[in-house]
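I have placed the structure first, in the form of structure tokens, so that the comments after it can refer back to it.
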Amino acid sequence: MKSLSIGQHALRYPLIQGGMGVRISGGRLAGAVAACGGAGVVATAGLALNSSHLQNHNLFSADALALRDEIALARRLAPKGVIGVNCMMAVSNYDETVRTACAAGVNFIVSGAGLPLHLPGLTLDYPQVALVPIVSSVKAAQLIARKWHKQFQRLPDAVVVEDPETAGGHLGANLEDIGQGNYDQYATVRRVRDYFQQQWQTQVPVIAAGGIWDRQDLLHALDQGADGVQLGTRFVCTHECDASAAFKKAYLDARPEDIGLIMSPAGLPGRALAANYESICAHDQKPGLRCPMGCLKRCRYKSEQKPFCIVQALDRAQQGDTETGLIFCGSNAWKSQRIVPVAEIMAELFAENSLLNAVNT
Ligand SMILES: Cc1cc2nc3c(=O)[nH]c(=O)nc-3n(C[C@H](O)[C@H](O)[C@H](O)COP(=O)(O)O)c2cc1C
């Protein structure tokens, strides 16, 4: 099996756990994956919601405090593990979140939902923190590389290529392009890899994200040219996942036809359990309600109270309200059959039974 390093951080297994926002991947899940030899990722979006910090601080200050807590928890669970955060360009406090994560000692930053063209400027004081943008096209990777090289004399330490046809959460694609055969996940992986080799004479690890479920998918991804994989959906039905039991049960109950695309107020499509979409909108369009905190830079709910408040809808789902909560998931969510320890998934993926010792003892 290929080995993978993200910047100067060597992983035992070439796997990044996908950041899953609004406390689906907090410190507990990230720490468990990192302790098993993958890269654990705390998703920074919406961390403060429902935290005690919100009682005494505004949202953005509370977010920073909650982020420090989650990173510290992950680090306690995996003192020598590789731990990162997922930051979304679309959020209002992106810059502050990146700085907080660096100061809290993360090893890497994965950045999605927009092109992180200024990211290296935010981490200048932390050269050991690896920077990993998420893209869905070669063009996006090229734009980032050119800008980073010109302005900051650095290139990404790895690139995640996320497949809009399968991945969960917000997708970097136009809604009408999905399902039309416009995306070829592994052709994009290889083109991104070739771009860095040919244009910059360097090997930048390319990580495939979206639709990877089992060992066969993992081996296929590596065979097709990926240096590693990023898995989100597979880690939801684990004991360590930070979502409520009801959120996980919704995955266990899901059928393939329950998984669909929704349009987020952030202006991006998203993959989710889509059956309750009308209830989500009805909940948030009640008269008198309005954007409570301005968490996104651009948001249709902020400007016109339509169609729903993304952070509150995700927060409700995380807490177990599956009626009016938004349950993001990848196209494989229906494959979830039981709640298992993270170590069991890692042992299966990497055919490494020794990982199970920690579970069995
Ligand atoms: C519940 C859920 C929440 C997600 N939230 C985020 C997020 O906050 N930021 C992000 O960049 N990606 C997010 N994603 C995408 C994952 O990080 C990952 O790249 C993707 O789900 C991989 O596809 P898979 O789910 O088929 O494994 C989310 C995915 C899921 C399932």
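Both counts, for ligands and for their atoms, begin at 1 and track the order of listing. This chain uses plain numbering: 1 for the first residue, then up along the sequence.
Per-residue contacts place Leu231 under 4.0 angstrom from the following atoms of ligand 1 (heavy atoms of the residue considered): 27 (O). Below 4.0 Å from some heavy atom of Cys329 lie the following atoms of ligand 1, by number and element: 31 (C). Within ligand 1, counting atoms from 1 as listed, the ones closer than 4.0 Å to a heavy atom of Thr233 are 24 (P), 25 (O), 26 (O), 27 (O), 31 (C). Which parts of ligand 1 touch Ile134 is read off a 4.0 Å heavy-atom cut-off, strictly below it: atoms 11 (O).
Which of Gly19, Gly18, Cys87 comes nearest to atom 14 (N) of ligand 1 through a heavy atom is settled by distance: it is Gly19.
Dense packing is recorded around CD of Gln180, with more than 12 heavy atoms of other residues, nucleotides or ligands lying under 6.0 Å away.
Residue Gln230 has at least one N or O atom closer than 3.5 Å to an N or O atom of ligand 1.
At a 4.0 Å heavy-atom cut-off, ligand 1 does not touch His170 at all.
Partners of Asp163 under the salt bridge (Lys or Arg N to Asp or Glu O under 4.0 Å) rule, at least two apart in sequence or in another chain, do not exist in this structure. Residues satisfying the salt bridge (Lys or Arg N to Asp or Glu O under 4.0 Å) test with Asp253, not counting sequence neighbours, are Lys249.
In this structure, His118 has its ring center at least 6.0 angstrom away from the ring center of Phe152.
Checking Asn93 against Asp63 by side-chain atom types alone, a donor-acceptor pair falls below 3.5 Å.
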